[in-house]
**Q** 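What follows is a structure written as structure tokens; I'll ask about it next.
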Amino acid sequence: MKYFLDTTFIVALFVSNDQWHSQSLKVYNRIKNHELVISNLVIAETVTVLKNKLKTKDISEIYNNLGNIFRVIDDNLIFDEAMDIFTKYDSTISFFDAMYVAVSKKEGINEIVSFDSDFDKIDGIVRVH
């Protein structure tokens, strides 16, 4: 089984005072033996969000280890598919979320680990939280 990991989950996993931290640890323990997938854009969004939560050296350590912990997908070629999804849902989801759905569909993944309820509106996607 494969899971796509959203930024909200990654941030909660690494930030001990995040409101979702304990829940992220429970979910991680349930799924850690499966293929855990992120994309380049998840990394970029995660580093951006962590900027206000952790010290730069801690963010750098997380950044340097993400590729060792998770499978990283190059999402540079799916912007058009993401724009189609973004348009289909009439801007009710973010472009980031549309990209994550596009990557998931391309990879045959229908479960996204996230604390973002916007994924609940996406046809064919199950949010794990």
**Q** When you look at CD of E35, are more than 12 heavy atoms from neighbouring residues, nucleotides or ligands closer to it than 6.0 Å?
**A**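 Atom CD in E35 is crowded, with more than 12 foreign heavy atoms closer than 6.0 Å.
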**Q** Got a sec: does the NZ of K121 have more than 12 other heavy atoms crowding it under 6.0 Å?
**A**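 It does: K121 NZ has more than 12 such atoms within range.
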**Q** V27 versus H129: any side-chain heavy-atom pair under 4.5 Å?
**A**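 Result no, sub-4.5 Å side-chain heavy-atom pair not found.
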**Q** Within a strict 4.5 Å, meaning less than it, do heavy atoms of the E111 and I31 side chains meet?
**A**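 In short, these two side chains do not touch, never coming nearer than 4.5 Å.
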**Q** State plainly whether one hydrophobic cluster holds both F119 and M83, where clusters connect Ile, Leu, Val, Met, Phe, Trp and Tyr through side-chain heavy atoms under 4.5 angstrom apart.
**A**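 Yes, F119 connects to M83 through the hydrophobic network.
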**Q** Distance-only, no hydrogens or angles: does the D75 side chain make a donor-acceptor pair with backbone N or O of L41 under 3.5 Å?
**A**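 Yes.
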**Q** Does D116 form a side chain to side chain donor-acceptor pair (under 3.5 Å) with S114? I'd like the steps, not just the answer.
**A** CA-CA 5 Å; D116 180 348; S114 177; 5.0 Å; no
**Q** Atom OG in S104, atom CD1 in I78: separation rounded to 0.5 Å?
**A**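 If I round to the nearest 0.5 Å, the distance is 8.5 Å.
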**Q** Should L25 and L54 be counted in the same cluster of Ile, Leu, Val, Met, Phe, Trp and Tyr side chains packed under 4.5 Å apart?
**A**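 The answer is yes; both residues are in one hydrophobic cluster.
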**Q** Does one hydrophobic cluster hold both M1 and F70, with members joined at side-chain heavy-atom distances below 4.5 Å?
**A**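 As far as the 4.5 Å side-chain criterion goes, F70 and M1 are connected within one cluster.
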**Q** Please name the pair of heavy atoms, one in S39 and one in V103, separated by the smallest distance, quoted to 0.1 Å.
**A**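 Smallest heavy-atom distance, with atoms named: CB-CG2, 4.3 Å.
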**Q** Any side-chain to backbone donor/acceptor pair from T48 onto A44? Under 3.5 Å, distance only.
**A**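 It does hold such a pair.
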**Q** Under 3.5 Å, side chain of D90 to main-chain N/O of T92, donor-acceptor pair present?
**A**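 Judged by distance alone, no pair lies under 3.5 Å.
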**Q** Over 60° means perpendicular and under 30° means parallel, so classify the ring planes of F86 and F95, tilted if in between.
**A**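 Ring orientation, 0 to 90° scale: perpendicular.
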**Q** Got I69 and I38 here, is their nearest side-chain heavy-atom distance under 4.5 Å?
**A**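 No; the side chains remain at least 4.5 Å from each other.
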**Q** Could you tell me whether the side chain of Y28 reaches within less than 4.5 Å of the side chain of L13, counting heavy atoms only?
**A**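 They are in contact (side-chain heavy atoms under 4.5 Å apart), so the answer is yes.
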**Q** Could you tell me the separation between the OG1 atom of T7 and the CD1 atom of I43, rounded to the nearest 0.5 Å?
**A**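 The distance works out to 9.5 Å.
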**Q** Check Y3, F4, F9 against I112 for a side-chain contact (heavy atoms from CB on, under 4.5 Å) and give me the one that passes.
**A**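 Only one of Y3, F4, F9 forms a side-chain contact (heavy atoms from CB on, under 4.5 Å) with I112, namely F4.
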**Q** Could you state the interatomic distance from CG (L5) to CD1 (I10), rounded to the nearest 0.5 Å?
**A**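 Answer for the CG-CD1 pair, L5 versus I10, is 4.5 Å.
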**Q** Determine the minimum heavy-atom distance between E81 and A102, stating which atoms define it.
**A**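 Heavy atoms only, the tightest pair is CB-CB, 4.1 Å.
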**Q** In Å, rounded to the nearest 0.5 Å, how long is the span from CD1 of I122 to CZ of R127?
**A**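 If we round to the nearest 0.5 Å, I122:CD1 and R127:CZ are 11.5 Å apart.
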**Q** Show the numbers, then the answer: is there a side-chain contact (heavy atoms from CB on, under 4.5 Å) between V11 and D18?
**A** CA-CA 8 Å; V11 168; D18 186 277; 3.9 Å; yes
**Q** Is the closest side-chain heavy-atom distance between R71 and E107 below 4.5 Å?
**A**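 SC-SC contact between R71 and E107 confirmed.
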**Q** Transitively linked via ILVMFWY side-chain contacts under 4.5 Å: V113 with V126?
**A**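 Cluster IDs for V113 and V126 differ.
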**Q** Taking side chain as C-beta onward, heavy atoms only, is L66 less than 4.5 Å from F14?
**A**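 Touching, per the 4.5 Å side-chain cut-off.
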**Q** Is any side-chain heavy atom of N40 closer than 4.5 Å to a side-chain heavy atom of D74?
**A**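 The answer is yes; the side chains approach within 4.5 Å.
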**Q** Evaluate L50 against D58 for side-chain contact (heavy atoms from CB on, under 4.5 Å), listing each step before the verdict.
**A** CA-CA 9 Å; L50 289 175; D58 296 327; over 6 Å; no
**Q** Restricting to non-hydrogen atoms, name the atom on A82 and the atom on M99 that form the minimum distance, rounded to 0.1 Å.
**A**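 Answer, listing the atom of A82 first, then M99: CB-SD, 3.2 Å.
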**Q** What I'd like to find out is whether the side chain of Y100 reaches to under 4.5 Å of the side chain of V37, using heavy atoms alone.
**A**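 Counting from C-beta outward, Y100 and V37 never come under 4.5 Å.
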**Q** Would you say S24's side chain and A12's backbone share a donor-acceptor pair under 3.5 angstrom?
**A**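 Answer holds: yes.
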